[in-house]
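Below is one structure; the comments refer to it alone.
FYI, side chains are in, hydrogens and waters are out, and symmetry mates aren't considered; it's all heavy atoms of this structure. Nothing here was measured: the structure is a model prediction, and the numbers come from that model.
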Amino acid sequence: MKFSCLMSCYFKDDPEELKTCFESLIHQKRKADELILVKDGPLTEELDLVIESYKDELAIEAIQLPDNKGLGFALNLGVKSCKYELIARIDADDICIPQRFEKQISLFESHPKLDVVGSWISEFESDPLEIYAYRELPVQHEEILEYAKRRNPMNHMTVVFRKSAVLDSGNYDPVFKFAQDYILWANMLMKGYIFQNIPEYLVNARAGIKMLERRGGSGYFGYEIKLQKQFLKLGLINRYEMLSNLLVRGFVRLIPNKLRGVIYQNILRKK
């Protein structure tokens, strides 16, 4: 099965981190047939040089947006631009282990009813060899569906999905500025598409305590309210579950930044 990779890049991405990401794609045991890279607005000269230097080896097809539109818009366009039915998501600052695509594509080949396949992740801040946490998720579809009522059931940077299933479920929301992937998974789950996670750390994700600390404030809580209302409308959750989620997630969003980082690292992640 041929497959595409999909990435979005913007001017704040680090050229050295992008280079490391590209190197992890070069060393895949099963390489992608194309890399659709959406430039979300003008990039720095350094980023453009890195992309150009890997263009042939990774079969990069770059799509230039005139200005920064946000991740949802970029991925929405990127999905439509992918040539193949299977699409692997990549983040510009993460590292895929060499067996990632081999394991995921092989699973699609042996289980043709699957629509989304993700994996667990290890997390680091600056040095990929210094892992500080792990995010492990439910493996089987029924567990994923139940888990989705409370938290995002997929590690976005690890997923491979069927293009037709994503388009049938409305694609990435180009307007929503928060948790675009979570909304997409909810739409797909409620349409009956089949999910699975591989219980292995196939991506080494650049997260960092500072990034986790920033996921708060009244703006984020406002997005949480909008998110939960959407889940209620879809039928993923009931009103009691919505209120329960808002109490828990609202607390995490509104507490001081440092405390939020501690909660993410010590409660919401495995050490």
Original post:
Is it the case that one hydrophobic cluster holds both Phe231 and Val116, taking links as side-chain heavy atoms less than 4.5 Å apart, direct or via other members?
Top reply: yes
**OP:** Could you grab the distance from atom NE2 of His111 to atom OG of Ser106, nearest 0.5 Å is fine?
**Re:** 11.5 Å
Original post:
With sequence neighbours excluded, what pairs up with Ile198 under the side-chain contact (heavy atoms from CB on, under 4.5 Å) test?
Top reply: Lys103, Gln104, Leu107, Val117, Ser119, Glu200, Leu202
Subject >> Close side-chain approach of Lys39 and Asp48, heavy atoms under 4.5 Å >> reply: yes
Original post:
Are Tyr134 and Ile95 co-members of a hydrophobic cluster defined by side-chain heavy atoms under 4.5 Å apart?
Top reply: yes
Original post:
Hey, does Tyr201 have a side-chain heavy atom less than 4.5 Å from the side chain of Ile121?
Top reply: no
Original post:
Less than 4.5 Å apart, any side-chain heavy atom of Arg135 and any of Thr158?
Top reply: no
Subject >> Parallel, tilted or perpendicular: rings of Phe101 and Phe3 (30°, 60°) >> reply: perpendicular
Subject >> Full working for side-chain contact (heavy atoms from CB on, under 4.5 Å) between Ile26 and Glu23 >> reply: CA-CA 5 Å; Ile26 287 173; Glu23 285 294 324; 4.1 Å; yes
Subject >> 4.5 Å side-chain heavy-atom contact, Leu236 and Leu145 >> reply: yes
Original post:
Hey, what do you get for CH2 (Trp185) to NE2 (His156), rounding to the nearest 0.5 Å?
Top reply: 5.0 Å
Subject >> Nearest heavy atoms of Pro128 and Asn204, plus distance in Å >> reply: O-ND2, 3.0 Å
Subject >> side-chain contact (heavy atoms from CB on, under 4.5 Å) assessment of Glu241 paired with Gln228 >> reply: CA-CA 9 Å; Glu241 290 166 330; Gln228 295 300 320; over 6 Å; no
**OP:** Write down the atom of Met190, the atom of Leu234, and the distance for their closest heavy-atom approach.
**Re:** CE-O, 3.7 Å
Original post:
Got Tyr193 and Arg162 here, is their nearest side-chain heavy-atom distance under 4.5 Å?
Top reply: no
Subject >> From CZ (Phe11) to CG (Leu43), nearest 0.5 Å >> reply: 10.0 Å
Subject >> Polar side-chain atom of Asn245 near backbone of Met242 as donor-acceptor pair, under 3.5 Å >> reply: no
Show me the side-chain donor-acceptor pairs of residues 65-83 shorter than 3.5 Å, one per line, residues at least two apart or across chains.
| from | atom 1 | to | atom 2 | distance (Å) |
| --- | --- | --- | --- | --- |
| Asn68 | ND2 | Asp40 | O | 3.2 |
| Asn68 | ND2 | Asp40 | OD2 | 3.2 |
| Asn76 | OD1 | Lys80 | NZ | 3.1 |
| Asn76 | ND2 | Tyr172 | O | 2.8 |
| Ser81 | OG | Leu77 | O | 2.9 |

Original post:
Hey, mind stepping through Asp93 and Thr20 against side-chain contact (heavy atoms from CB on, under 4.5 Å) and telling me if it holds?
Top reply: CA-CA 8 Å; Asp93 56 354; Thr20 301; over 6 Å; no
Original post:
Can you list the residues that meet the side chain to side chain donor-acceptor pair (under 3.5 Å) rule with Asn171, with sequence neighbours excluded?
Top reply: none
**OP:** Find the distance between NZ (Lys226) and NZ (Lys229) and round it off to the nearest 0.5 Å.
**Re:** 10.5 Å
Subject >> From CG (Leu37) to CD1 (Ile63), nearest 0.5 Å >> reply: 8.5 Å
Original post:
Taking the side chain as C-beta and beyond, is there a heavy-atom pair between Ile90 and Leu25 under 4.5 Å?
Top reply: yes
Subject >> Considering all heavy atoms, the nearest Ile131-Phe124 contact >> reply: CD1-CB, 4.2 Å
**OP:** Mind checking the CD-OH spacing from Gln230 to Tyr223? Nearest 0.5 Å is all I need.
**Re:** 14.5 Å
Subject >> Side chain to side chain, Glu224 and Phe178, heavy atoms closer than 4.5 Å >> reply: yes
Original post:
Do Phe176 and Leu232 share a hydrophobic cluster (ILVMFWY, side-chain heavy atoms under 4.5 Å, transitive)?
Top reply: yes
Subject >> Side chain proximity check, Phe22 to Ile60, heavy atoms < 4.5 angstrom >> reply: yes
Original post:
Is Leu86 linked to Leu167 within one hydrophobic cluster, defined over Ile, Leu, Val, Met, Phe, Trp and Tyr using a side-chain heavy-atom separation of less than 4.5 Å?
Top reply: no
Subject >> Hphob cluster co-occupancy, Ile194 + Ile87, side-chain heavy atoms under 4.5 angstrom >> reply: no
Subject >> Trace of the side-chain contact (heavy atoms from CB on, under 4.5 Å) decision for Met154 with Asp181 >> reply: CA-CA 9 Å; Met154 310 299 291; Asp181 59 314; 5.8 Å; no
